[in-house]
There are 4 protein chains.
Amino acid sequence: MVDKPAPDATRRSERSRRAIYDAALALVAEIGYPRTTVEGIAARAGVGKQTIYRWWPSKADVLLEAFLDLAEEAAREAGHQPYEIPDTGDLAADLKAVLRATVDELLDPRFDAPSRALAAEGLVNEELGRRFVAHLLEPQLQLYVRRLRAAQERGAVRPEVDPRIALELFVSPLAQRWLQHTGPITHAYTDTLVDYALYGIAPR
Amino acid sequence: MVDKPAPDATRRSERSRRAIYDAALALVAEIGYPRTTVEGIAARAGVGKQTIYRWWPSKADVLLEAFLDLAEEAAREAGHQPYEIPDTGDLAADLKAVLRATVDELLDPRFDAPSRALAAEGLVNEELGRRFVAHLLEPQLQLYVRRLRAAQERGAVRPEVDPRIALELFVSPLAQRWLQHTGPITHAYTDTLVDYALYGIAPR
Amino acid sequence: MVDKPAPDATRRSERSRRAIYDAALALVAEIGYPRTTVEGIAARAGVGKQTIYRWWPSKADVLLEAFLDLAEEAAREAGHQPYEIPDTGDLAADLKAVLRATVDELLDPRFDAPSRALAAEGLVNEELGRRFVAHLLEPQLQLYVRRLRAAQERGAVRPEVDPRIALELFVSPLAQRWLQHTGPITHAYTDTLVDYALYGIAPR
Amino acid sequence: MVDKPAPDATRRSERSRRAIYDAALALVAEIGYPRTTVEGIAARAGVGKQTIYRWWPSKADVLLEAFLDLAEEAAREAGHQPYEIPDTGDLAADLKAVLRATVDELLDPRFDAPSRALAAEGLVNEELGRRFVAHLLEPQLQLYVRRLRAAQERGAVRPEVDPRIALELFVSPLAQRWLQHTGPITHAYTDTLVDYALYGIAPR
DNA sequence: CCGTAATCGAGACGGTACGTCGCGTCTTGTG
DNA sequence: CACAAGACGCGACGTACCGTCTCGATTACGG
């Protein structure tokens, strides 16, 4: 196993990196992930193919980084502090608010195409799947874990409930409807999910 | 809009169809979906490529039909009556039993590889995704709808609860963990899901 | 070496045979020999492919027979007696007349396309080439041999001259110009050929 | 009319070009032109198919260039000066000598297979035919034109004779016998042709 | 501040698979 | 039994991209 001598990252062209991100996201949005090719990204970015292969092992990795970059930038715009689920004391209301915002994001085509593509690739490409989960999904889910734990400490959730499992009661149904088109995703729907699920983990 | 004259299905070679199903499923299991090619399926099945393209538009469609055929055959083996979730009167016990069986199936590599591949393809290929859901997923989910409705009539579930949404409380978390590797899937896990979720939709 | 049992020629469909000839000649004239296919001939003739393969081993053979049939028919039209080069006593005049008629025929697209195609196929397919020569070319050349021999007996050609070689002096140049487009073919040209060549074989 | 951007010829791989020439000539000699495929040439040359299609539009063009290259190389070996028909003063002897050499070449399978294939293709493919004639055939014929003109100036040939036509009297018969197998080609035969034809154009 | 080594754009290369066309054989009714 | 229709196994077509590999031209550092 001989690895290439790693390229010198300090000499890397920032302009190219950005152009590649933009081209990748644009192409996935325009023509879909499967018809997006490394060659196409390079041409659109005005970049040699080798410049892509020098820094990323595959088009999936390019897209993952591009999307992470996009998410980071969006977060920076939305307020510089690390994101956190609000805690007004009313768990149901807080969860409903967050899920409504998530619904809006999932319906935004700017996010839909690339994240759906990455999710799809992740199903079949184990390695990428893990990175997708670790860098994008799990950090989001941990926000729910923290919020649920806070509620637990105040007695709004039964103490023996595992928050990591509990959060799936309202997050996973939404995820599945979105990914697999098994049903419409609306604010009313997520409200209902919270209503059903929260009572299940409340003290009896 | 010129469509080819549709081939004459009555002349179709049953032997080839079966060989193609077998080859497709075997290859996906052995080398994975992305490295499975139409050419490879044809070669393994001892069939001309054109015989595949005559009847299916893409490898995803071949695999979908092959998998539907497999599922149908498995159902036929397991007893000829249409499958139904058992109703012992104890909703929690019944759901746990069914979900445990589902867990076992999801861990069986014979089902895992092709169904994961189809799910992945379905994320990105809308048309195929709808067929995947309509022919494989939704029929399963309707079994839960019926079982929950029966429980509802007996007062074990609140009357205003929508069973189609309620079932997602325990099915979707399992689906997500399986698809996205967001956590281990075990009998204990699905038992917990039922415990959490069922109380949420029970009469208060 | 097992030959198929030969099909029963008495039951052969005359209508199909004619339709195949017509279709073959028409297609070669319209789209050229290489783009003419057995499938295309069958479709155009309203005939099953097997009906072609039952009676001919290849498309070249179909075309050869079709062309022989055409030539025969043309000959029948032009007068029922077996064709012969006229003998007015003036060898030069007779040869010029015949060659002028040949030029006209070579320029007729009804003959040009198929005979050129057959010639081409014959270059590369030895077996067909021999049949082409034996059935079409050589019979024509033998007419010249007979006419030259008659002239020889009358002392218009040196006795030791081989007529089979002598005829090539004016026939082959025309053939080459036609086949390989190495020069224009006109009445003046063939007249000149006869002038040059005939003097070479005349008594000195 | 959208033409591809022409590939950059300065970047062309000389090694590949030579390997393709060699493979094409070898295959045509070994298995014949019709059974020679672009795929086969690529495989034998250890080259991607695209590398062939990048530089040539068809296998006929590959073979034409390969053969031109071969002819050029053979000429280079045989002495660097441009080839010319010898002029000993004895026209008949000179022509006989050259034609005998031509006979030997036509019987050499190294030349026979590819040039026969090219001639055949040229009959049916007009464009290629013209290139075949212009680059291979006509230059040879012009040698005869020059030699005949020299003879004419010395009074060995009638002044009103057109050398371009006269040369066909001995060249075309040989060509036809070779191409169409209408008769054996030997030294005796070409000697006879010269004897017959030359007298026809000599002063009377 | 200037040589020089790395990255860059460009794109040719050896490959693999694509989806199509046509081959020649085989199969299935029909007259 | 020949026929029309056409599905079949097969092989080649010409194209699209893959990931690797040169090529100068550009660039930014370290002597």
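Side chains are part of it too, since the values below use all heavy atoms of this structure and drop only hydrogens, waters and symmetry mates. In the text below, chain A, chain B and the rest are named by the order of the sequence lines, each starting its count at 1.
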- Is there a donor-acceptor contact under 3.5 Å from the side chain of K59(A) to the main chain of Y33(A)?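 It does hold such a pair.
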Can you identify which nucleotide, out of [options], has its nearest atom closest to the [X] side chain?
| X | options | value |
| --- | --- | --- |
| S13(A) | dC8(E), dG19(E), dC13(E) | dC8(E) |
| T51(A) | dA12(F), dC8(E), dC18(E) | dC8(E) |
| V38(D) | dC18(F), dA4(F), dC13(F) | dC13(F) |

What is the distance, to the nearest angstrom, from the [atom1] atom on [X] to the [atom2] atom on [N]?
| X | N | atom1 | atom2 | value |
| --- | --- | --- | --- | --- |
| I20(A) | dT7(E) | CD1 | P | 14 Å |
| Y53(D) | dC13(E) | OH | P | 16 Å |
| R17(A) | dG9(E) | CZ | P | 14 Å |
| D8(B) | dC8(F) | CG | P | 10 Å |
| K49(D) | dG15(E) | NZ | P | 13 Å |
| R12(D) | dT22(F) | CZ | P | 19 Å |
| R35(A) | dT15(F) | CZ | P | 19 Å |
| E39(B) | dG19(E) | CD | C1' | 10 Å |

- With heavy atoms under 4.0 Å as the rule, sort G46(C) into base, sugar-phosphate or nothing.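 Sugar-phosphate only.
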- Message: So W55(D), base contact, sugar-phosphate only, or nothing? Heavy-atom distance under 4.0 Å.
- Response: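 Touches sugar-phosphate only.
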- Message: For a quick test of reading the model, state the closest non-hydrogen atom pair linking T51(D) to S16(D) and the distance between them.
- Response: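 In this case the closest contact between T51(D) and S16(D) is CG2-CB, 4.3 Å.
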- Query: Can a side chain N or O of S16(D) be found less than 4.0 Å away from OP1 or OP2 on dG14(E)?
  - Reply: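 Answer yes for this pair, as a side-chain N or O of S16(D) is under 4.0 Å from OP1 or OP2.
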Atom [atom1] of residue position [X] - does it have more than 12 heavy atoms of other residues, nucleotides or ligands inside 6.0 Å?
| X | atom1 | result |
| --- | --- | --- |
| R12(B) | CZ | yes |
| R110(D) | CZ | no |
| R15(B) | CZ | no |

- Item | Between CD1 on residue I20(B) and CG on residue D69(B), distance to nearest 0.5 Å |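 If I round to the nearest 0.5 Å, the distance is 12.0 Å.
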- Task: Not counting sequence neighbours, which residues clear side-chain hydrogen bond (donor to acceptor under 3.5 Å, both in side chains) with N125(D)? List them please.
- Result: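 For N125(D), no residue satisfies side-chain hydrogen bond (donor to acceptor under 3.5 Å, both in side chains) once neighbours in sequence are set aside.
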- Query: Mapping G48(A) and T36(B) onto DNA chain E by nearest heavy atom, which one lands closer to the 5' end?
  - Reply: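 First, find each residue's nearest nucleotide; the 5'-ward one identifies G48(A).
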- Between S58(A) and T10(A), who's closer to the 5' end of DNA chain F by nearest nucleotide?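 Between the two, 5'-proximity favours S58(A).
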Can you name the atoms? Protein N/O to nucleotides 27-30 of chain E N/O, anything below 3.5 Å, with the distance.
residue	atom	partner	partner atom	Å
dT28(E)	O2	R11(B)	NH2	2.6

